[in-house]
Amino acid sequence: MTASLSEIARERGIKYFLISYADLFGAMRAKLVPAVAIDGMVKNGAGFAGFATWLDMTPADPDLFAIPDPASLIQLPWKPEVGWLAADLWMDGKPVEQAPRLVLKRQIAAAAELGYVMKSGVECEFFLVAPDGKAIADGADTQAKPCYDQQALMRRYDVITEICDAMLALGWQPYQNDHEDANGQFEMNWEYDEALLTADRHMFFKYMVKSIAEKHGLRATFMPKPFLELTGSGCHSHVSLWQGDVNVFDDPDGELGISALGYQFLGGLLANSDAICALTNPTVNSYKRLNAPRTTSGATWSPNSITYTGNNRTHMVRIPDAGRFEVRLADGAANPYLLQAGILAAGLEGIATRADPGARLDIDMYALGHTVADVRKLPLNLLDAIRVFEASDVLKQRLGAGFVGSYAKLKHQEWNSFCRFLTEWERQNTLDC
Ligand code: ADP
Ligand code: MG
Ligand code: MG
Ligand code: MG
Ligand code: MG
């Protein structure tokens, strides 16, 4: 018999548990539960008022229950008396259709029916900024090409290594940390794993980076484009599909070491990329990273069009190596569960339809993108993205019509809220009309 969470708490000195879930906007919601109460919560869930978070519920709805997944337990490395648990959402005795972790679990089940397991690795770029969020925290970090800047990286040694040490202790197999392409921007990489585990870790990573940055008097942000002239924060997702120990995207005889099945998955991903943009690039600000003019470093490193290539970072999908794709579309605002769910749904659709991704493009898209005829463009703004998303029969069928409807409804509200904001640009350009 496996040990109960209260027994684990006694063994490991856990005094409190965070029962945590991600709402549709990827915000982490939680209750802090004393260890004596945890076994009851595992059985019955922790109660929430669903309307109070972004889940498309009403104030009249009954209690929402977050049932923690004991397998997801992570003891906070910077506060070991607290154990974090990812939870699944239930209401009226039924799973909540639009709950992001459950949306991903449905895609994982669909893949399992075909005998496949998707594995993913995410690269979560972030900025360290001053607590008011208005400027990067390190005034000396001013190089035009700051990527891999050793001096600026080492000025943040205490923060970065506290996070990396935590990942080492948690067994995530981190393997590198660097200063990224924008001043104040960093990336920390750990090993890929099954999509649900990676999504749980991705949620926890964001929480951990923010918490440890706060401890050091800083603020960490995953905002896609916090500074217009600097490279934005992407969240590249590397994916492969497995049958047992075999990576079925791997084929030494295939183009660039990718199997026919891999190319079908890619075909589905390309065909549905504009539709999943509302998930991968979910905020108004996301579209200031996509379709952006060149940054001060010389390149945005983000895509504008739906294309793929070999080991070339100017396209939406890169094949860096045999047996996997790097999807460079998503940004730091993506809900970790919906990011993986969107990619997997699109890829499974590709397998179901034996989709053809067409020929790869081996050009520098930044310099020569305009010379290619018939290239499909990514949505230019959040409203365009929501419209393609909500019109997608593939996504309605695979992710669930209820989920798509709820998500689109809340995102329309967000867009409308943005449109009610009077910008300085309008004043500058319209005052003299
Ligand atoms: P880059 O910056 O070159 O894009 P990184 O090293 O920052 O690459 O990130 C690569 C990510 O891809 C890591 O999370 C790594 O574990 C993951 N990865 C490597 N191989 C695979 C694979 N076969 N399937 C899924 N993810 C993979
Ligand atoms: Mg109350
Ligand atoms: Mg990287
Ligand atoms: Mg990067
Ligand atoms: Mg990358």
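Counting starts at 1 for both ligands and their atoms, following the listed order. What you are looking at is a predicted structure, and each value in this text was computed from that prediction instead of being measured.
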Aromatic ring pairing [X]/[Y], orientation class (parallel under 30°, perpendicular over 60°, tilted between):
X: F25; Y: Y407; value: perpendicular
X: F48; Y: Y21; value: perpendicular
X: W172; Y: W190; value: tilted

Closer than 4.0 Å to some heavy atom of [X] - which atoms of ligand 1 meet that?
X: G121; value: 14 (O), 26 (N)
X: Q176; value: 5 (P), 6 (O), 7 (O)
X: Y175; value: 5 (P), 6 (O), 9 (O), 10 (C), 11 (C), 13 (C), 15 (C)
X: E187; value: 7 (O)
X: W190; value: 13 (C), 14 (O), 16 (O)
X: K119; value: 25 (C)

The complete set of ring-ring contact (aromatic ring centres under 6.0 Å, His included) pairs with one or both residues in residues 290-334, sequence neighbours excluded, reads F249-F325
Examine the proximity of ligand 1 to E123 and report which part, side chain or backbone, both or neither, has a heavy atom under 4.0 Å away.
->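 Contact part for E123 vs ligand 1: side chain (C-beta onward).
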Contact partition for R313 relative to ligand 1, non-hydrogen atoms under 4.0 Å =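 Contact part for R313 vs ligand 1: side chain (C-beta onward).
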Would you please indicate yes or no on a ring centroid separation below 6.0 angstrom for W84 and F204?
-> yes
Set of side-chain hydrogen bond (donor to acceptor under 3.5 Å, both in side chains) partners for R101, sequence neighbours left out = D69, D88, D200
Is the closest basic N to carboxylate O distance between E255 and R360 below 4.0 Å?
->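 Here E255 pairs with R360 in a salt bridge, since their nearest N and O are under 4.0 Å apart.
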For ligand 1, find out whether one of its N or O atoms is nearer than 3.5 Å to an N or O atom of W242.
->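 No - when backbone and side-chain N and O of W242 are compared with those of ligand 1, no distance drops under 3.5 Å.
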Which protein N, O or S atoms lie under 2.8 Å from the Mg ion (ligand 4), given by chain and residue number?
->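 You should have found E125 OE2, E180 OE1, E187 OE1.
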Given T280, D331, N381, N281, the one that forms side chain to side chain donor-acceptor pair (under 3.5 Å) with S286 =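 The side chain to side chain donor-acceptor pair (under 3.5 Å) with S286 is passed solely by D331 among T280, D331, N381, N281.
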Could you tell me whether ligand 1 has any atom less than 4.0 Å away from a heavy atom of F249?
->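 Flag not set, F249 not near ligand 1.
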In terms of its nearest heavy atom to atom 3 (O) of ligand 1, the top option of E326, H236, R318 is R318
With a 3.5 Å cut-off and sequence neighbours excluded, list the donor-acceptor pairs that the side chains of residues 147-155 form with protein atoms.
from, atom 1, to, atom 2, distance (Å)
D149, OD1, Q151, N, 3.0
D149, OD1, A152, N, 3.4
D149, OD2, Q143, NE2, 3.2
R155, NE, D138, OD1, 3.4
R155, NE, D138, OD2, 2.8
R155, NH2, D138, OD2, 3.1

